[in-house]
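Just below is one structure, and these are the notes that go with it.
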Amino acid sequence: MGRLVIVSNRVPDPRERNKPAGGLAVGLADALRGDQSTLWFGWSGRQMEADADPVPSLDTHGTVTYATIPLTPTQHRGYYQRFSNAILWPLCHYRLGLMDYARADWQQYLEVNRMFARVLAPLLKPDDIIWVHDYHLFPLAQALRELGVTAPIGFFLHIPFPPWSLFRALPPATALLDDMKAYDLIGVQTEEDAQNLWECLRVEGMTDPSRVVACPIGIDPVSFSEEARDAFEGPEVRRLRESLHDEPLIIGVDRLDYSKGLEERFHGYEKLLIRYPEHHRHVTYLQVAPVSRGEVEEYRLLRRQLDETIGRINGAFAAYDWTPIRYLTRPIARQTLAGFYRLADVALVTPLRDGMNLVAKEYVAAQNPDNPGALVLSHLAGAAPELDEALLVNPHDSDAIADALHLALTMKKEERRRRWNILNNEIRNTTAGSWARDFLKALNRTRKTGTG
Ligand code: ADP
Ligand code: F6P
């Protein structure tokens with residue numbers, strides 16, 4: 001078996017106990033727990049001035065060698081902050097109004113992809129199979145091919161992909177799609193994303209629809225459930241439990257990102273307090289929202305707006321012995337999070353759009369089978385088609401969120417168990433490991449048949 005080469009913008013630091021918040025690093029790290037020899041190449045998370053291409057730092061842990069490079073401040077701004085996160089991110093999350101295009105950013109994005117290719121190519125070996133991840137690196141396969149790399153190259157998109165009618169608003173849409181044809185196989189999270197992407201690639205002349213596959217990412221449910229059980233006995237969960245005095249807890253866990261629908265979600269919770277006053281002084285909503293992409297303007301604005309909304313709701317409803325919303329923007333150790341999920345009676349996961357949403361799957365895995373909590377999930381999350389026994393809501397409808405929360409808080413144990421058993425089967429069927437195996441098997445097949 002040849003070596004697997006993973007390429008992603010974000011690479012977890014193997015020395016850090018806590019992985020960075022974000023589905024890509026968490027999902028891939030879970031998928032790599034086998035014995036496959038792997039090279040994981042990407043950005044080190046650092047910035048450094050440089051006149052020439054960087055030399056990668058190598059760090060081997062078990063079967064995985066991490067090869068990471070810094071970016072210059074100019075590259076970081078043009079490629080990461082601007083083209084990836086102020087142009088592609090809003091566009092792929094159907095937020096055309098937030099897309100802030102400038103041609104110089106597109107050029108910087110292409111240049112960084114070419115630089116990634118130049119630095120990676122000499123590290124490659126003859127039997128390698130290459131797997132590139134996420135929207136930061138759409139043009140990477142084409143850049144590698146131009147350097148003579150002939151290895152199989154697959155791509156997986158962790159975020160949604162919009163229909164052609166929306167994507168064509170991106171000025172270099174056709175150039176980007178044309179570059180994507182250099183991948184042997186492209187995986188996306190849902191059938192809807194696959195249809196959208198295929199429609200775009202067909203416009204660009206791709207002829208074989210089997211080169212775009214829906215392949216939803218999962219978690220490692222067995223180890224996550226063990227982590228939750230262990231953490232449940234730990235000091236952090238004990239302190240949280242004691243602070244609740246046997247009253248119900250709603251939990252939300254999201255990077256602080258406008259795609260997560262946090263503002264809309266707080267309005268839904270506010271509606272719950274208005275329309276179902278019996279929950280006053282009983283229910284607590286804990287929102288964990290680690291700051292993400294803090295240098296991007298839209299994210300700074302969101303943070304300010306949320307501070308205001310939470311302050312307003314707490315100011316209007318709090319009693320001297322009750323705070324309706326507890327809000328944390330610090331990252332929390334993953335194990336502690338697992339314990340918090342297990343303690344929570346309800347998880348509130350209402351993105352306006354999301355590639356998958358691993359938090360929903362983690363919440364299910366963390367539950368006590370005898371007395372599981374209820375999951376309120378946006379029907380616009382990539383996880384919704386698989387987790388349709390959750391209480392599905394439209395995240396734009398604050399009344400629907402309030403009704404679903406009330407239903408979840410008052411749901412009988414038998415009904416919670418019935419729903420949870422079905423959800424739990426789902427997350428055990430499609431795991432991080434099976435996702436990676438299925439995708440790589442399909443990549444090998446595509447390569448053998450060699451269609452256009
Ligand atoms: P995204 O990839 O858009 O961030 P996901 O829900 O798919 O969304 O993945 C988020 C991942 O980051 C989950 O595995 C979650 O547990 C983790 N995470 C989110 N918030 C925190 C936090 N405060 N501390 C540690 N991990 C977090
Ligand atoms: O899963 C979507 C994703 O965009 C990943 O590509 C990314 O690593 C993660 O969210 C967190 O974002 P960032 O890497 O910009 O901190």
Side-chain angles (χ1 to χ4, degrees), residues 6-13 16-31 42-45 71 76 79-86 88-90 92-93 132-138 155-161 188-189 216-221 223-224 227-228 231 236 251-262 286-296 298-299 327-341 347-366 377-378 381-383 387 427 432 435:
I6 291 199
V7 191
S8 62
N9 174 65
R10 180 73 63 188
V11 178
D13 181 344
E16 290 261 335
R17 211 171 69 85
N18 290 320
K19 301 181 186 96
L24 184 152
V26 171
L28 265 175
D30 279 349
W43 177 41
S44 62
L71 293 173
H76 181 257
Y79 147 84
Y80 173 74
Q81 291 182 22
R82 298 274 317 143
F83 197 77
S84 296
N85 288 322
L88 287 176
W89 181 270
C92 289
H93 287 84
V132 179
H133 291 260
D134 242 357
Y135 56 100
H136 317 83
L137 301 172
F138 281 138
F155 179 83
F156 191 82
L157 182 65
H158 292 252
I159 65 173
F161 198 88
V188 289
Q189 302 275 24
I217 193 171
I219 60 168
D220 180 343
S223 82
F224 199 79
E227 279 190 61
E236 292 88 357
I251 195 165
V253 175
D254 311 75
R255 279 182 307 100
L256 216 164
D257 192 300
Y258 51 82
S259 66
K260 303 294 181 183
L262 291 163
L286 170 65
Q287 176 64 53
V288 182
V291 173
S292 178
R293 306 173 191 164
E295 327 88 338
V296 180
E298 227 24 80
Y299 288 74
Y327 178 56
L328 270 69
T329 54
R330 286 190 305 276
I332 289 191
R334 201 167 144 71
Q335 218 204 346
T336 308
L337 262 188
F340 286 1
Y341 288 140
L348 188 50
V349 184
T350 55
L352 304 180
R353 280 279 161 184
D354 213 333
M356 173 49 60
N357 199 289
L358 292 184
V359 166
K361 295 188 171 183
E362 289 169 355
Y363 179 73
V364 172
L377 178 64
S378 161
L387 303 186
I427 63 155
W435 162 75

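Residues take their numbers from the sequence shown, with the count starting at 1. Counting starts at 1 for both ligands and their atoms, following the listed order.
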Taking only heavy atoms of [X] into account, list the atoms of ligand 2 that are under 4.0 Å away from them.
X	value
Arg10	8 (O), 13 (P), 14 (O), 15 (O), 16 (O)
Trp89	4 (O)
Tyr80	13 (P), 15 (O), 16 (O)
Arg255	10 (O), 11 (C)
His136	6 (O)

Under 4.5 Å between any side-chain heavy atoms of Tyr80 and Val296, yes or no?
-> no
Heavy-atom distance under 4.5 Å between the side chains of Val26 and Ile219, does that happen here?
-> no
Taking N or O atoms only and a 3.5 Å limit, does Arg255 qualify as a polar contact for ligand 1?
-> yes
When only distance counts, is Asp254 in polar contact with ligand 1, meaning an N/O pair under 3.5 Å?
-> no
Per-atom contacts of ligand 1 with Pro290, taking only distances under 4.0 Å to non-hydrogen atoms = 20 (N), 21 (C), 22 (C), 23 (N)
With heavy atoms only and a cut-off of under 4.0 Å, state how His133 meets ligand 2: side chain, backbone, both or neither.
-> neither
At under 4.0 Å between heavy atoms, which part of Asp134 makes contact with ligand 2: side chain, backbone, both or neither?
-> side chain
Hits for salt bridge (charged side-chain N to carboxylate O under 4.0 Å, His left out) against Asp220, two or more places apart or cross-chain, chain-then-number order -> Arg33
Heavy-atom pair of closest approach, residues Ala289 and Leu262 = CB-CD1, 4.5 Å
Lys/Arg-Asp/Glu bridge criterion (N-O < 4.0 Å) met for Arg334, Glu362 | yes
Sorted by chain and number, sequence neighbours left out, side-chain contact (heavy atoms from CB on, under 4.5 Å) with Ser259 holds for Trp89, His93, Asp257
